[in-house]
Amino acid sequence: MKNLLRTLLLAHIMMMCGGAAFAQELTDTSHTAKMLQSRAFGIIVYPEYPKYIEWMEDGEHYMQTEWNNGKPEVVAYSAKDESRTVLIPSNQLETFDDVPSVSNITFSDDMEKVLLFTDTRKVWRYHTRGNYWVLDRKSGVAHQLGKGLPANSLMFAKFSPDGNKVAYVSKNNIYVEDLTTKTYKAITTDGNDTIVNGTFDWVYEEEFDCRDGFRWSGDSKYIAYWQSNTSGTGWFDIINNVDSIYPTVQHFPYPKAGTTNSAVKIGYVSVDGGTTTWLPIPGDERNNYLPRMEFVPGTNQLFIQQMDRPQHTNKVWTATIGKDDLQTIFEDSDVAWVETNDEVTWLRQNKYFTWMSERDGWRHLYRVSADGKQMSLITKGDFDVIELVGLNEKSGYVYFIASPDNATQRYLYRAKLFGNGQCELVSDANQKGQHNYNMSPTCTWAVHTFSNARTVPQAELLSFPSGKTIRKLVDNSKAQKEFDELGVHPKEFVKVKSGELMLDAWMIKPYNFDASKKYPVIIDVYGEPASSTVQDVWSGNTWHQYLASLGYIVVSIDNRGAAAPRGREWRKCIYGEVGTFASEDQAQGILDLARQYPFIDTERIGITGWSGGGSQTLNCMFRYPEVFKTGIAIAFVADQRLYDTIYQERYMNTPQNNPEGYEKGSPITYAENLEGNLLLIHGTGDDNVHYQNCEMLVNKLIEEGKMFYQVSYPMRSHSISEREGTSLHLRKTMENFWLKFLPAGGRTLR
C-alpha cells in the first residue's frame with residue numbers, strides 16, 4: 001500500500017506538471033489507484049466547490065456567467081426560489097470580437113450599461129491591463145473604449161455615478177470618455193516612465209494592495225487620483241539571458257529597506273480637464289504613505305488614510321472638492337505597527353464610520369463619529385475579529401469571523417452596530433473547523449462553506465437572521481467517501497511549547513506508520529507576520545501526503561508573530577526582531593514535539609519554506625545547526641536590507657534606526673554556522689524577492705568555506721512556476737534532496 005500510494009501521488013504531481021503519460025502507464029487498477037490517477041496536483045480527492053456568486057445590490061439576487069449552447073450569457077437568480085432572469089443574453093455578447101476573452105463584467109448603477117474587460121495582460125501579479133467595451137443592454141450594441149490608444153493598454157475603467165461617462169488609465173495618464181459622443185480626453189498629461197497617474201509603482205501594489213488609483217466624486221464632475229513620482233527611487237534590473245542571444249533587461253523602481261521611496265500625493269481634477277488641485281497633506285511625500293483614499297458615499301468629501309514611514313500611525317484626513325477644509329479627524333497608533341483600514345463603512349447618513357483597531361490588545365471593530373471625537377466598541381472581548389462578512393444598517397448587525405477558543409478554526413459571530421459590544425455565535429459550534437460566508441449586501445442570505453482537515457468542503461444557502469438552511473449547494477459525500485477510503489493520515493493538530501509559550505502545530509504521519517519506530521521529520525515553515533500555516537481547513541495537499549508516503553512525518557508550527565487570531569501581543573511581540581523569535585520557536589517547538597512523541601527521530605529533522613519561509617529555513621539551519629540537519633530554502637530573503645521599504649520597515653523600522661535588528665534577523669549573518677545539508681532554490685526572474693539574495697548568500701557561504709547545493713531557475717518569478725517542466729522539476733529536485741540527505745522511513749527504537 002505504501003509503495004502504491006507513493007507511486008500514485010507522484011503520478012498526481014506529474015499530471016499537473018505535464019507528466020500525464022507517466023500516469024497512463026500505471027497498470028494498478030485498484031479503487032484507490034483509479035481515484036488517485038484521475039486527480040490533479042494539489043489535492044488527493046477533487047471536491048466540488050460552490051459556484052462563485054456575485055450578489056446584486058438588492059441583496060435578493062445574485063449574478064453568474066453561464067454557457068448557452070457554447071455561448072456565454074449573464075444571468076440573475078433569486079436567492080429565495082432560484083427563479084432565473086437573463087441579464088445579458090448570449091447574442092449581445094456576440095456583437096464584438098473580444099467576447100471569448102471577457103474576464104470581468106461591471107454594471108452601471110442604473111443597470112442599463114455594462115463594462116466588459118477583455119484580452120487582458122498581466123501587470124506584475126495580476127491581469128489589470130487590457131481592452132474595455134461598453135455594452136448598452138437596451139440596444140444590444142457594444143463599442144470599444146479608448147479607440148486610438150495603444151491596444152490592451154486600458155486599466156481600471158469605471159462608470160461615473162450618473163452612468164454618462166467612463167474613466168480609465170492608459171500609459172500612466174487618466175482619460176474620461178463621454179458615452180454619448182464616444183469621445184475621450186486625457187485629464188492628466190504628464191504621465192511617463194517616472195510619473196505615474198491613476199495607478200501605482202511596484203511596492204504600493206505589492207504591500208498595500210494598491211492598483212486602481214483614481215476615484216469618481218459623488219456628483220460625477222471630478223476625479224481624485226494618486227500620483228507617484230518614482231524618480232530618485234532605486235531601480236532594479238532583472239537580466240533575461242534565456243530568450244535571446246543577447247540579454248534583455250527589465251528595469252523598474254524598487255525601494256529597498258532604508259532607501260528613497262517614490263513621492264506620492266493625491267489631487268483632484270475636473271472631468272473636463274484643466275489644472276489638478278493637489279491636497280496639501282502635511283509630511284514628506286517620500287517618508288509618508290497614502291495607502292487609502294475614498295469619497296464619503298454620495299458626497300464630494302474625500303476620506304484619506306496617511307501612514308508615517310515606520311507605520312506607527314494612521315491618520316485620517318478629510319477634504320472637500322473646491323473647499324479649503326483639509327483637516328485630520330482621527331488617528332490610530334501603535335508602538336509596533338498599524339494596518340491599512342479596509343473596513344470603513346458609513347452609518348446613519350455619514351454620521352459615523354467603522355474602523356478596525358488593536359488599541360485594546362485585540363483586533364476589534366469600532367464605531368467612530370464623523371468628526372473623530374467619539375469612538376465606541378462594536379465588538380468586545382478577549383478575541384480577534386478576523387474578517388468582516390456583512391454589515392447592514394437596517395438590520396442593525398455586523399457579521400464577522402472570529403475564533404476565541406481555537407486559533408486554527410473560524411466561526412461566524414454577530415454584534416449590534418449600536419449595541420453594548422456583546423457578540424453572539426452564529427455558526428454551529430458542533431461543526432469544528434472553518435466556516436466561510438459569502439453574504440448578500442442586505443445580510444439576508446449567505447453561501448456558507450464548511451470544512452476541516454478531515455472533512456471535504458460542504459456548501460449551503462442560508463437565510464438570515466435565522467441561519468436556516470434553504471438548500472444544499474454542494475454535498476461532496478462522494479468526495480468524502482473517496483478520501484476516507486484512501487487510508488491516508490490527515491493532519492493531527494497538536495500543541496507544542498517554546499519555553500512557556502504554547503504554539504499550535506499539525507503533523508501528518510507516514511503511511512503504514514509504526515509507533516514503535518523513529519521517523520524523520522520535514523517541517524514546512526512560513527513564520528513571517530503575513531500568514532499562518534496551522535489551519536484546520538480542508539487542503540488535501542498532495543505534496544505533503546507524497547512526502548509522508550516516502551516515510552517522513554510532515555510538520556508545521558505557527559511561531560510567534562504568525563498572523564493567527566491570538567491577540568496583538570502574539571502578533572507584534574516580534575517587532576524589530578523578525579526572524580529571531582521565529583527560528584527559536586521552530587527549534588524549541590520541534591524538540592518539544594519529539595519529547596511528546598518518541599517516534600520522532602531528532603537526528604533526522606529537516607526544514608523547508610518558501611519566501612519568508614525560505615528565510616526562516618535559513619535562520620533555523622544557521623542558528624540551530626544542532627537541531628536542523630537538512631534544509632531546502634526557496635525564494636528567500638537572505639539579508640533583510642534587500643527587501644522593500646513598506647513590508648520590511650513595517651516590522652523592523654529602517655536599517656538606519658534598527659541596525660542591530662536587521663543584523664540579528666538576517667540569515668546571512670549566521671552563514672558561518674552552517675553544518676547540515678542545504679539546498680538553495682531561486683528564480684532568476686523573481687521581481688519580489690530578488691535573485692540577488694541568493695547570490696549574496698552564495699558568496700558568503702563560499703567565503704566561509706561552507707558546502708551547499710543550489711538550483712537556479714532561469715527567468716522564473718517568485719512562484720517558480722512559469723515555463724515548461726518547471727513544477728515537476730522543482731518537486732523532483734526537492735524529493736531527491738530529501739531522500740539523499742534525510743534518509744526516509746522508520747528505524748527501530750533504541
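Since the structure is predicted, the reported quantities are computational estimates derived from the model, not experimental observations. No hydrogens, no waters, no symmetry mates; every other heavy atom, side chains included, goes into these values.
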Holding to side-chain hydrogen bond (donor to acceptor under 3.5 Å, both in side chains), I want the full list of residues that pass it with [X], two or more places apart in sequence or in another chain.
X      : answer
Gln458 : none
Glu343 : none
Ser611 : His718
Glu649 : Arg309

Give a yes or no answer on whether the side chain of [X] reaches the backbone of [Y] with a donor-acceptor pair at less than 3.5 Å.
X      : Y      : result
Arg292 : Asn341 : no
Thr669 : Lys664 : no
Asp558 : Ala564 : no
Asp384 : Ile386 : no
Asn693 : His690 : yes
Asn476 : Glu48  : yes
Arg410 : Ala407 : yes
Gln480 : Val456 : yes
Ser556 : Asp524 : yes
Arg604 : Gly745 : yes

Checking side-chain polar atoms at under 3.5 Å, does [X] have a donor or acceptor matched by the opposite partner on [Y]?
X      : Y      : result
Tyr511 : Gln545 : yes
Thr449 : Tyr49  : no
Asn452 : Thr455 : yes
Thr408 : Asp504 : no

Residues [X], [Y]: salt bridge by 4.0 Å N-O rule:
X      : Y      : result
Arg568 : Asp334 : yes
Asp484 : Lys481 : no
Lys572 : Glu358 : yes
Asp332 : Arg359 : yes

Nearest 0.5 Å, what's the [atom1]-[atom2] distance between [X] and [Y]?
X      : Y      : atom1 : atom2 : value
Ile607 : Gln616 : CD1   : CD    : 8.0 Å
Thr733 : Tyr709 : OG1   : OH    : 13.5 Å
Lys432 : Arg454 : NZ    : CZ    : 15.5 Å
Met507 : Gln596 : CE    : CD    : 8.0 Å
Ile53  : Leu473 : CD1   : CG    : 6.0 Å

For the student: nearest non-hydrogen atoms of [X] and [Y], plus distance:
X      : Y      : answer
Ala446 : Phe464 : CB-CE1, 3.5 Å
Tyr411 : His435 : CD2-CD2, 3.5 Å
Met375 : Tyr366 : CE-CG, 3.4 Å
Ala415 : Gln422 : CB-O, 3.6 Å
Tyr526 : Trp610 : CD1-O, 4.0 Å
Gly561 : Ile574 : CA-CG1, 3.7 Å

N/O donor-acceptor pairs under 3.5 Å from side chains in residues 629-642, not counting sequence neighbours:
{"unit_1": "Lys629", "atom_1": "NZ", "unit_2": "Glu626", "atom_2": "O", "d": "2.8"}
{"unit_1": "Thr630", "atom_1": "OG1", "unit_2": "Phe741", "atom_2": "O", "d": "3.2"}
{"unit_1": "Asp639", "atom_1": "OD1", "unit_2": "Arg641", "atom_2": "N", "d": "3.0"}
{"unit_1": "Asp639", "atom_1": "OD1", "unit_2": "Arg641", "atom_2": "NE", "d": "3.1"}
{"unit_1": "Asp639", "atom_1": "OD2", "unit_2": "Arg641", "atom_2": "NE", "d": "3.2"}
{"unit_1": "Asp639", "atom_1": "OD2", "unit_2": "Arg641", "atom_2": "NH2", "d": "2.6"}
{"unit_1": "Gln640", "atom_1": "OE1", "unit_2": "Gln648", "atom_2": "NE2", "d": "3.3"}
{"unit_1": "Gln640", "atom_1": "NE2", "unit_2": "Val578", "atom_2": "O", "d": "3.0"}
{"unit_1": "Gln640", "atom_1": "NE2", "unit_2": "Gly665", "atom_2": "O", "d": "3.1"}

Which word best sums up how the rings of Tyr413 and Phe400 line up, parallel for under 30°, tilted for 30 to 60°, or perpendicular for over 60°?
-> parallel

Take Leu679 and Val711, measure what side-chain contact (heavy atoms from CB on, under 4.5 Å) needs, and give me the verdict at the end.
-> CA-CA 8 Å; Leu679 171 61; Val711 176; 4.1 Å; yes

Show which side-chain atoms of residues 582-591 pair as donor or acceptor with protein atoms under 3.5 Å away, not counting sequence neighbours.
{"unit_1": "Ser583", "atom_1": "OG", "unit_2": "Gly579", "atom_2": "O", "d": "3.0"}
{"unit_1": "Ser583", "atom_1": "OG", "unit_2": "Thr580", "atom_2": "O", "d": "3.1"}
{"unit_1": "Ser583", "atom_1": "OG", "unit_2": "Arg623", "atom_2": "NE", "d": "3.1"}
{"unit_1": "Asp585", "atom_1": "OD1", "unit_2": "Ser498", "atom_2": "OG", "d": "2.6"}
{"unit_1": "Asp585", "atom_1": "OD1", "unit_2": "Arg560", "atom_2": "NE", "d": "3.2"}
{"unit_1": "Asp585", "atom_1": "OD1", "unit_2": "Arg560", "atom_2": "NH2", "d": "2.7"}
{"unit_1": "Asp585", "atom_1": "OD2", "unit_2": "Arg560", "atom_2": "N", "d": "2.9"}
{"unit_1": "Asp585", "atom_1": "OD2", "unit_2": "Arg560", "atom_2": "NE", "d": "2.8"}
{"unit_1": "Gln586", "atom_1": "NE2", "unit_2": "Ile557", "atom_2": "O", "d": "3.0"}
{"unit_1": "Gln586", "atom_1": "NE2", "unit_2": "Asn559", "atom_2": "OD1", "d": "2.9"}

For residues 579-609, which residue pairs qualify under ring-ring contact (aromatic ring centres under 6.0 Å, His included), counting only residues two or more places apart or in two chains?
-> Phe513-Phe599, Tyr597-Phe599

With sequence neighbours excluded, what pairs up with [X] under the ring pair (Phe, Tyr, Trp, His ring centres under 6.0 Å) test?
X      : answer
Tyr575 : His312
Trp362 : none
Tyr647 : Tyr643, Tyr651
His544 : Trp506

Go through the steps to decide whether Glu660 and Glu663 satisfy the test side-chain contact (heavy atoms from CB on, under 4.5 Å), and finish with yes or no.
-> CA-CA 5 Å; Glu660 182 180 341; Glu663 183 177 9; 5.6 Å; no

Are Tyr399 and Tyr437 close enough that their ring centres sit under 6.0 Å apart?
-> no

The side chain to side chain contact (heavy atoms under 4.5 Å, CB included) partners of Lys740 (sequence neighbours excluded) come to none

Please assess Arg650 against Met307 for the test side-chain contact (heavy atoms from CB on, under 4.5 Å), listing each intermediate value before the final yes or no.
-> CA-CA 11 Å; Arg650 178 184 303 151; Met307 288 184 175; over 6 Å; no

When you look at CD of Glu460, are more than 12 heavy atoms from neighbouring residues, nucleotides or ligands closer to it than 6.0 Å?
-> yes

